[in-house]
Amino acid sequence: MKPFYFFILFLAVSCQHSAVSCQGTVSNNVIDFRRAVDMMLENNATIKAAEKSTLLAKRQSQLINASWLPTITMTADYTMMSNGIGVSQDYASLLEPFKEKYAETPLVPEILNLISNELGDIAFEVPIFEDDFGSIDLEILYPIFTGTKRLYANKLAKSNEALSEINKESVGAAKYLELANVYFSLSLAESMIKVLKETHEMTDNHYSQALKMEAIGMFDKAERLIVKVALDESERNLKDAENQAEVLREALSFLLGQRTTDNGQQTLGKGQESMANSQQPIVTSTPLFINEKYPQLEWFKDMMKENAYVFQQADLHDDIAKANLRLSQSNYYPVISLYGKQTIASYQVPKNMIPNTIGGVNLVWDIFDGLARERNIQLTKIESEIVAETQLSLKNDLEVAVDEWHANLKQACINAEELQSSLELAQEVYRIRKKSFSEGLCTSQQVLDALNLVNKMNLLLLTTYFEYDIALANLCCLCGIPEFFESFLTSKLDF
């Protein structure tokens, strides 16, 4: 009895584990927009490259800060000589100090002159370096004044670091917008597939009725063929929509961090192994939406001036241009440094010739460099003017783009309301035509026309929803608030 009981218990646990695994597998392939954003931020290669660029800017800023510290260097040298080095010293010159000292003493100057004449050119050799020599030295150099070079170089590095952060956010917003385009394009394709499937099923049912009515003599062959042509056309449209959805799924998988290597093997990002193992296509769970409660144009423009990446980049580019100009002008100042050297060990180096400890102040000042500094300042000014004009143009283009996308947003809301009314009318027409067809009061072509009208209104309404979503995503990303886009998925908005 007990073995049978344990067998039943093991079977139940296994079935429960399989059910949980299957449930997890299905849920891993159904992705809402928030999860898609998280996966993209974690796995997308472009965003990772932007993060590396930001890290590089931080390291460069730290490198500039190192110029405020002294430079300590240890040097070692060993010199081999083919012959010794010495100084030739004549004996007569050694009497000159005595001549000056006893110039007023009687007979002494004459005696010294006589001895000097007798010595003549006789000299002796004073050795300096008789053999190979070497030393190990510790040198230190500490710039105490660089003409504000370090100050503005540090400001320039800080501005570049801040600019890299803004560029990273801008890249993230661009990928966010790209993801919104692809994700909601896939959602639109999936919704269209549902509509086309319903249309295909309705046409198929209508074709079945046509066959029955032809069999009892209420239809001729031409009427049935008209329905058959419409059925084939609906099938082709459905297949086209499914193919487009498959292309969009592939694009979405790339954005989420899935990459295909040269040998055809797929490399997955984090959190996507279970999705690949399930062998099921990606399905979107966030539907197309429209929210008539959206901010006015003035609100978006205020957000643009406060958060837009173009405006923030323009301010930083202005700071960088000023720092570059000050850095170029600082080349007119001298560089003053403290230096010192301490001999740690030496070999056959005369202590009376080279001291063990040396210290002092060093000044380097370029008096004339062929007008290179002046030309550099002129180039920096021209570059600053180019950057300023470019940023002004980008600001103007951004304001125009915000106006256009807000107009598209407003028009999408108007179109959605009108299309919803048209869809209800089209559905009523189809219901009447379908009932009339069953009573033999209208032709199949009239039924198909009504069905196509319903299909057209459905697709136009879905397209309008998609246009609203994309316009809203563009507005949020252009204004530097991409995360605000997701708040429209709920009705809890306060402007």
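As the structure is a computational prediction, the values presented were derived from the model and not from experiment.
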Any side-chain to backbone donor/acceptor pair from [X] onto [Y]? Under 3.5 Å, distance only.
X	Y	result
T463	L459	yes
S187	Y183	no
D469	F289	yes
R150	N65	no
T286	F33	yes
S330	L327	yes
S170	N167	no

| message | Determine whether T380 and S328 satisfy the following criterion, side-chain hydrogen bond (donor to acceptor under 3.5 Å, both in side chains), listing intermediate values before the conclusion. | response | CA-CA 8 Å; T380 304; S328 299; 3.2 Å; yes
Under-4.0 Å salt bridge between [X] and [Y]:
X	Y	answer
K239	E235	yes
E486	R34	yes
K58	E165	yes
D449	R433	no

| Is NZ or CZ of K305 both nearer than 6.0 Å to the six-membered ring centre of F311 and within 45° of the ring axis? |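 Relative to the ring axis of F311, which defines the angle, K305 lies outside at least one limit.
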| query | How about Y333 and Y152: are their ring centroids closer than 6.0 Å? | reply |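 When the ring centroids of Y333 and Y152 are compared, they turn out to be at least 6.0 Å apart.
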| Is it the case that E374 and Y332 place a side-chain donor and acceptor less than 3.5 Å from each other? |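 Yes, Y332 and E374 have a side-chain donor paired with an acceptor closer than 3.5 Å.
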| Distance (rounded to the nearest 0.5 Å) between S61 OG and L56 CG |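 Rounded to the nearest 0.5 Å, the OG-CG separation comes to 11.5 Å.
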